[in-house]
Amino acid sequence: MQTDMSKLNADQPIGVFDSGIGGLTVVRSLAELLPSEEIVYLGDTARLPYGTKSAETIRRFAHEDTEFLIERQVKMVIVACHSATSAALPFLKKDYKLPIIGVIEPGARAAVKLTANRRIGVIGTPATISAGEYERAILAVDPNVRVIAKSTPLFVPLVEEGWVDRPVTHQIIAEYLTSFKQDKVDTLLLGCTHYPLLAPALDRFFEHKVKLVDSGDETAQTAHEVLEKMKLLRSSSHKGGCRFYLTDLSPNFRTIGERFLGEPMGDVARVSISHEF
Ligand code: DGL
């Protein structure tokens, strides 16, 4: 399905998709920065996680997610999932005409702005780290930065379980990230939807000496800039909201979702987006 670009208008919603409900951290940033906008959120909870799957599979899922949002007449698609951005963003941009933004470039730009010693750490899922897109995006802004990237897959289940301040959490953080202290990184890019919820524990581990970059805020900023440039920002007199679609309603989706969103989720609809289920 394609969008007729000449017909895009400010009153259409912004589409956001993620592999699950972690992308609600991006919705939270968007709602804060652009309170007049309507948001359509798709979380592909039935096929979560994306971060341990092959790039080819993630690309197929990302296309189906994008199609779903375009069918709901969105004016822009935000790929809130770092794994999907890593594997699929250039393909989506080539295949669809409407503005599509991911979480990697905004986060990379912010990290380069923040680093004083030009040593940036990046953490993410195996799919995100093996794709190397964060590294490429950072080096495109400043080729003299040293990027140290590491996949930290256990952080996702810890956050889903709500274990953000347990002894085991601090132990796993130390296990994964002690080398970043030795490498003297002064900025750490949180390259996964789930990691902002670990920010207090990470901050404690680095004794408040490392700047943590949450791509959600930066992505919302980019969405604002793109919409403004295209004259697609909704009038400030409108009070925005969010419609939630999930491909599976697991028993605890609401508890976890509200943790990411920071407020009650309201109505949530279950949808099928693939012929496989
Ligand atoms: N949303 C994914 C990401 O940001 C994390 C969860 C998953 O692996 O699907 O990479």
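Quick note: numbers below take in every heavy atom, side chains included, and nothing from hydrogens, waters or symmetry partners. As the structure lists them, so they are numbered: ligands from 1, and atoms in each ligand from 1.
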### Query
Ion pair present between R72 and E38, side-chain N to carboxylate O less than 4.0 angstrom?
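So R72 does not pair with E38 through a salt bridge.
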### Query
Do NZ/NE/NH1/NH2 and the carboxylate oxygens of R119 and D186 come within less than 4.0 Å?
no
Short list, please: which atoms of ligand 1 are under 4.0 Å from a heavy atom of [X]?
| X | value |
| --- | --- |
| G51 | 7 (C), 8 (O), 9 (O) |
| S19 | 1 (N), 2 (C), 6 (C), 7 (C), 9 (O) |
| L48 | 9 (O) |
| C192 | 3 (C), 4 (O), 5 (C) |

### Query
Could you give the distance from CE (M265) to CZ (F260), rounded to the nearest 0.5 Å?
10.5 Å
### Query
Do the side chains of F91 and F68 join up, straight or via other hydrophobic residues, at under 4.5 Å, putting them in one cluster?
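Different clusters.
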### Message
Applying a heavy-atom cut-off of 4.0 Å, say which part of D18 lies close to ligand 1: side chain, backbone, both or neither.
### Response
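Answer for D18: side chain.
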#### Entry: Location of contacts on T125 toward ligand 1, heavy atoms closer than 4.0 Å
side chain
### Message
Return the closest protein heavy atom for atom 10 (O) of ligand 1 as residue, atom name and distance.
### Response
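The closest heavy atom on the protein side is S83 OG, 2.6 Å.
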### Query
Side chains of R47 and T57: donor-acceptor distance under 3.5 Å anywhere?
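Judged by distance alone, the side chains do not pair up.
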### Query
Does the N or O separation between H194 and ligand 1 drop below 3.5 Å for any pair?
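No; the residue has no nitrogen or oxygen that sits under 3.5 Å from a nitrogen or oxygen of the ligand.
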### Message
Please check this pair: side chain of Y96 against backbone of V77, looking for a donor-acceptor N/O pair closer than 3.5 Å.
### Response
no
